[in-house]
Amino acid sequence: MTEESTRDGGERDSSSDQRSDGVVRRDRFSGGPARSFLSSLAADERIFVADLEVDRAHTVMLAEQDIVDDDVAGEILTALDAIEVDGHGSLPDGEDVHEAIETAVIERIGADGGKMHTARSRNDEVAACIRYRLREDVLEAVETTLALRESLVAVAEEQTETVMPGYTHLQPAQPTTVAHWALAYEGAVRRDTERLLAAYGRINQSPLGGAAFAGTTFDIDRERTAELLGFDGVVENSMDAASSRDFLLETTQALSTHATTLSGLAEDVIIFANRGFVDLADDYSSTSSIMPQKKNPDTLELVRAVAGDAAGGVQGLTTTLKGLPRAYNRDLQRATTHAWETVDAVTEASEVAAGAVATADWNEDVLEAEAGEGFSTATGVADLLAANGLPFRTAHELVAIAAEGGANYDALEAAAQDVLGESLEAAVDPAAVEDALDPVQSVASRNSQGGPAPEAVETQLESARDALAIDADALEEVSVPLESAREALRSEVNGYV
């Protein structure tokens, strides 16, 4: 994935030494210990198919613009088909996949194969290939976020009335429900989906035709190659087209944000498993090599760790890009790896998290028994007292004293005598206090928008279902044109071969 200036594919020697020297190095640049350091050919296997598609689209456009004769275009396109069949492993040596494919074309059809590279540079070519492949990876990542959201919605639907302890600072805080917890993560993953779809829109712009950075003298049609490759449009400025990688950084950042969400989800489930709240399926667990009784949440521990990898990807990519002048610099060869590694790791982690959530069993009896631990209903009692006329800060003080004295009705009564100088019954109905002390009733009373009460959760579920359907439609809306473009490009190619 390296730089080369625009040229028109003049006469070249197609002898066997070209296989080792390639079409770019020439004798002057063909040797020395830095050759392997410069080469990205092995890593470029990921964009092998993308490069072939970019080559096809560019060649079709050159023929349509009468820049290359139709018969030459046909020979080039036929050679590209043969190279695809042979695969990446059959390519000749080269600095990158782009040079290697061009070398292979020239080896097959002679010097006219070099006309494939007319009116472009490896700079705009590699940028196009990266965008072409990355958009597919991002759509796959989006698909896994939708699967995770489906899993979380399913849990919420099944566990709407399952009370559980809620925590702040990992200390018992207030009772809530499994559904409320699941929908908290659904909302976060929903935003992750939105960020990835937004990034996709900026990925899906064609840089092809920007050439080295200063455009070309040939009468090319950039909109046509964008259309053939399924891009929504072009990156207009040729320098911006060839050199910018902000789309990589934005995507990696969005993936890192999603990985952070996944890490929090994994951490919660790991803790819940430790406390007996949830049982993970065996498919998402492992055992010890020495302790046969162990069932460890290993998959979720790895999901949790991916957040660190993704953050490292963002840092590495940012550091690579931060000081680069326009237009092209060889540093960019090292930039793309951060994005590939991040999208692979986060997509896999997202898929695993979705499966783990979908197959987990929630221990409802244990959850309900633990829901009131640590006087978790204290805030509800304080709210009740405030609703009956006490200043909230006075109610807070009264309940705090009761928490130290037993966290039950008797403790509240004693605290009322201490703080109010009268019986608790003088301030509030004892039956209402008993309800407020009960975790199930406490949850039921928290029916404010977004709260854990079953009716409030049902409203959230409707919103989650609607958003899931909208985002699934959005995914299909951007996926279908890519397949249509592939079919259309194949049809155009078939007209020449």
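In this chain, numbering begins with 1 at the start of the sequence shown.
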Notebook entry, point to check: Ignoring hydrogens and geometry, is there a side-chain-to-backbone donor-acceptor pair from S491 to E487 under 3.5 Å?
Noted result: no

Item checked: R190 bridged to E186 by N-O distance under 4.0 Å -> yes

Item checked: Q460 side-chain N/O to G451 backbone N/O, donor-acceptor pair under 3.5 Å -> yes

Notebook entry, point to check: For E236, does the CD atom have more than 12 heavy-atom neighbours from other residues, nucleotides or ligands under 6.0 Å away?
Noted result: no

Margin query: Under a 4.0 Å threshold between the charged nitrogen and the carboxylate oxygen, would R275 count as salt-bridged to E370?
Written below: no

Check: Which pair of heavy atoms, one from V443 and one from P452, lies closest together, and at what distance?
Finding: CG1-O, 3.6 Å

Item checked: Any side-chain donor near an acceptor of the partner, T257 and Q253, under 3.5 Å -> no

Margin query: Quick check on the 6.0 Å ring-centre criterion: do W181 and F277 meet it?
Written below: no

Check: Are the side chain of T177 and the backbone of H180 linked by a donor-acceptor contact shorter than 3.5 Å?
Finding: yes

Notebook entry, point to check: L262 and side-chain contact (heavy atoms from CB on, under 4.5 Å): which partner among V352, T144, L148?
Noted result: L148

Item checked: Nearest heavy-atom neighbours spanning A407 and F375 -> CB-CG, 3.4 Å

Check: Do the side chain of S263 and the main chain of R304 share a donor and acceptor less than 3.5 angstrom apart?
Finding: yes

Margin query: Going by side-chain hydrogen bond (donor to acceptor under 3.5 Å, both in side chains), name the residues that satisfy it together with T252, two or more places apart in sequence or in a different chain.
Written below: none

Next item on the list: Please lay out, stage by stage, how R135 and D232 fare under the test salt bridge (charged side-chain N to carboxylate O under 4.0 Å, His left out).
Entry: CA-CA 12 Å; R135 65 186 184 181; D232 292 335; over 6 Å; no

Check: Does one side chain, of H258 or T145, offer a donor that lies under 3.5 Å from an acceptor on the other?
Finding: no

Note to self: Counting neighbours of CD on E194 that are heavy atoms of other residues, nucleotides or ligands and sit closer than 6.0 Å, is the number greater than 12?
What the structure shows: yes

Next item on the list: Answer yes or no: does atom CD of E422 have more than 12 heavy-atom neighbours from other residues, nucleotides or ligands under 6.0 Å?
Entry: yes

Next item on the list: Mark yes or no for whether S376, through its side chain, and A371, through its backbone, hold a donor-acceptor pair below 3.5 Å.
Entry: yes

Next item on the list: Sequence neighbours left out, what passes side-chain hydrogen bond (donor to acceptor under 3.5 Å, both in side chains) with D55? Give chain and number order.
Entry: R120

Next item on the list: State, to 0.1 Å, how close A50 and Y132 come at their nearest heavy-atom pair, and which atoms those are.
Entry: CB-CD2, 3.6 Å

Next item on the list: Could you tell me which non-hydrogen atom of A211 sits nearest to which non-hydrogen atom of A242, and how far apart they are?
Entry: O-CB, 3.6 Å

Notebook entry, point to check: D471 pairs by salt bridge (Lys or Arg N to Asp or Glu O under 4.0 Å) with which of R149, R191, R465?
Noted result: R149

Notebook entry, point to check: Is a donor on one side and an acceptor on the other found under 3.5 Å between the side chain of D124 and the backbone of G209?
Noted result: yes

Notebook entry, point to check: Any donor-acceptor pair under 3.5 Å linking the side chain of R46 with the backbone of T337?
Noted result: no

Item checked: Any donor-acceptor N or O pair under 3.5 Å, side chains S423, E413 -> yes

Next item on the list: Specify the closest pair of heavy atoms between A226 and G233, including all atoms of both residues, with the distance to one decimal.
Entry: CB-O, 3.8 Å

Check: Within the distance-only criterion (no hydrogens, no angle test), does the side chain of N329 pair as donor or acceptor with the backbone N or O of P325 below 3.5 angstrom?
Finding: yes

Next item on the list: Check the pair R486 / E483 against salt bridge (charged side-chain N to carboxylate O under 4.0 Å, His left out), numbers first and verdict last.
Entry: CA-CA 5 Å; R486 278 189 286 269; E483 182 58 34; 3.1 Å; yes

Margin query: Can you tell me how far apart CG (L332) and CG (L248) are? Round to the nearest 0.5 Å.
Written below: 9.0 Å

Note to self: Tell me if a side-chain donor or acceptor on N296 pairs with a main-chain N or O of D298 at a distance below 3.5 Å.
What the structure shows: no

Next item on the list: Applying side-chain contact (heavy atoms from CB on, under 4.5 Å) between T251 and each of L317, D246, D137, I203, report the one that passes.
Entry: I203

Checklist line | Residues R195, D192; criterion salt bridge (charged side-chain N to carboxylate O under 4.0 Å, His left out); working and verdict | finding: CA-CA 5 Å; R195 276 184 280 267; D192 294 340; 2.9 Å; yes

Next item on the list: Flag this pair as yes if the NZ/CZ of R131 is under 6.0 angstrom from the six-membered ring centre of F247 and inside a 45 degree cone about the axis; otherwise no.
Entry: yes

Check residues 433-440 and write down every donor-acceptor pair under 3.5 Å in which the side-chain atom is one partner and the other belongs to a residue at least two apart or another chain.
{"from": "D438", "atom 1": "OD2", "to": "V440", "atom 2": "N", "distance (Å)": "3.4"}
{"from": "D438", "atom 1": "OD2", "to": "Q441", "atom 2": "N", "distance (Å)": "3.0"}

Notebook entry, point to check: Could you walk me through whether R224 and E227 pass the salt bridge (charged side-chain N to carboxylate O under 4.0 Å, His left out) check?
Noted result: CA-CA 5 Å; R224 177 59 171 155; E227 176 189 14; 3.1 Å; yes

Check: Any idea which heavy atoms bring L280 and Y284 closest together, and the distance?
Finding: CD1-O, 4.0 Å

Notebook entry, point to check: With the threshold set at 4.0 Å, does a side-chain nitrogen-carboxylate oxygen contact exist between R56 and E53?
Noted result: yes

Next item on the list: Would you mind telling me which of T394, L390, V399 makes a side-chain contact (heavy atoms from CB on, under 4.5 Å) with V419?
Entry: T394

Note to self: Nearest 0.5 Å, please: how far is CG in L398 from CG in L424?
What the structure shows: 7.0 Å

Note to self: Closer than 3.5 angstrom, by distance alone: can the side chain of T260 be matched with the main-chain N or O of S256 as a donor-acceptor pair?
What the structure shows: yes

